*Asks:* 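Have a look at the structure that comes next, please.
Since the model is a prediction, treat every value here as computed from it, not as a measurement. Letters go in sequence order (proteins before strands), and every chain restarts at 1.
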Amino acid sequence: MDTNTFGVIFIFAVAVAIPAGALIAGRLLGPRREQPGKQAPFECGIANVVGGARQRFSVKFYIIAMIFLVFDLEVVFLFPWAVDFRALSRALGIVGFVEMFVFLGILFLGYIYLYKKGALDWEE
Amino acid sequence: MSNLHLLSFSPYLILCVAGLTVLLIEAFVRKPSQQISGYFSVFAQVIALALLWRQIFIFKAIEPVALFRHTIQIDGFGLFVNALILIAGILASIASIDYLRRQGVSHGEYHAFQLFAVLGMMLMVSSMELVTLFISLELMSLSIYIMCGYRRDNARGIESAIKYFLLGGFAAAILLFGIAHLFGQSGSTYLLDIARAMRTGLSVSGSTIGNPALMKLGMAMFAAGILFKVAAVPMHFWLPDAYDGAPAPVTGFMAAAVKAAAFAVLVKFLYFTSTGNPAETNPRITGLHPPFDQAILFFACVTMLIPNLIALCQTSVKRILAYSSIAHAGYMLVGVRCMANYRGVGGDDATAALLYYLMAYGLMTLGAFIIVGRLSGPNEERGQLDDLNGIGYRQPFLSLVMAICVLSMAGSPPLAGFWGKYLVFKTAVDNGYIGFAVFAIISSVIAVFYYLRILVHMYMRPAEADFAQEAGEEEAAGVLRGWDFKVSLGAIAFALIWLGMGPFTVLKIVPGSETLWNWSKVAAEALSNQHEFMSKMLF
């Protein structure tokens, strides 16, 4: 068995062991207080999971989801920039630094807009 | 980035910053802020046009400027179409301020979307790289979808937005798949590299292209995606519903600017990817690959004829104008076909004729849609032909401008639309397509019927009493004030007449009226110079 295959198997074992360990530890250590709400199926953004599909959804969930997407994607762009920043700044100099802040600035404007429009107010 | 580069990119930067500023205005200024945002947007577009204008005079002399690692290139051709887009944007902005005010809309995010749409179109026209092109196309499309459905409580507006969005998304996927094939075979997304691969049969890495058929498939899919935006006939079904349901200024903006941008991309793409026989050494030869020349011919013929026949039996003015805008795309495709066929010196005439047509068509269709939106009541509930009865005497100014726009569309001689048609059909004759030209002329004669029908309803039918009273009340309430709106419409009418007074130096009746034609020729030459430059580089 070469080291690569061993690595894959090891990671697979860890991936199984951690959630399994968490579940077992929770069962052994945690207090168990049954409530009807805990037993009900749950999905984020949908009030009544059981029943017909033709029900109204709160639009708030979608706004939150969209905000999340925007800032999540921001991070996606930030990671490679930050990881490779040294090489980037050698190639582009100060431009590579400033450009990312232009991008962040535009996203920040979006954040200000959302904030002023009350998109982040859950209670309304 | 040098100062020159920054100067040539400044119109785009201004539009981008202005769009973001409108969002800030909406966030901080107390309602109603629609008009503040609107006038700010007009101001920003005027500044951008002024900067563009400056460049147009600089760029007559110097080489095209490549920006951002050659993904964007600013040249005479792009500047012409960008100016057209900005003019349409300014006129549509002014009309939409008035339109939204009458609808009682107090928030003005609309104007931010319009600025982004204009920015997307301008970048799309200037891009020399397919991924940049696709992103700008999406920036344009997404903004336009939202603008179509801006009247959230209007079922027809929502229908328009949904239909345009679903079909547009589908077309964008096809276009992207085409780009993927082109990239897969040539190894690059740059138009120049793809053109080189087309001519030499070698990919960027120097190996021979694995499957040339996939290259052609990619070209076809890309062209299909763009022809969807142009609304050539087999891909036109979204257009009447989208145009009918969208707010009237948006419809005019779509008809004028989106079509111009899509045509510019089509022309540019065909210019770069089309090659004649690779063995021929004349660098000015541009000819489409065998299946594509026939395809464009077919699209042009059906796009000219079918919508004109459908429009004959429409009763809604907006739908008539929507079908007429499809037919106009057909006449312009005649120009595309001839452009792609030309051999020898002076072949820029077809491209120049197409550009001239785009400018004339943009002005007249924008004017017509704006006025229909103005005449059909605050919620556009009176958009039928019968609702126009006798309006020529109640609203003399609007009706006069409408009549000029409609006559110009019909191709009546002293107006710009006549010269557009004349120039495009002339290139068809010059290229030896006599039958093609006759077919185009017959189609445009059919169209005269429904154009005149609008005029008959406006001037020769008695008015309905109740609507007359309603309109009178509107006037009494001071809704018709707004000099900017009137000035913009007057400018359209003036431009159509002025440009129509003779685009050639021979017929120099009005001084300066031939300028647009000269300018179109300069723009067309800029495109073919690039092509020549490219060919020299390749052989």
*Asks:* Starting at NZ of A/K117, measure out to CD of B/E109 and round the result to the nearest 0.5 Å.
*Replies:* 4.0 Å

*Asks:* Would you indicate whether B/H70, at its atom NE2, is surrounded by more than 12 heavy atoms from other residues, nucleotides or ligands within a distance under 6.0 Å?
*Replies:* no

*Asks:* Kindly check if the number of other-residue, nucleotide or ligand heavy atoms within 6.0 Å of CZ (B/F170) is above 12?
*Replies:* no

*Asks:* Kindly check if the number of other-residue, nucleotide or ligand heavy atoms within 6.0 Å of OH (B/Y190) is above 12?
*Replies:* yes

*Asks:* Kindly compute the distance separating CG (A/L109) from CG (B/L24), expressed to the nearest 0.5 Å.
*Replies:* 5.0 Å

*Asks:* Determine whether more than 12 heavy atoms belonging to other residues, nucleotides or ligands lie under 6.0 Å from atom CZ of A/F103.
*Replies:* yes

*Asks:* Kindly indicate whether the side chain of B/L20, heavy atoms from C-beta on, has any atom under 4.5 Å from the side chain of A/Y113.
*Replies:* no

*Asks:* Just verifying a value: how many Å separate B/L23 CG and A/L114 CG, rounded to the nearest 0.5 Å?
*Replies:* 10.0 Å

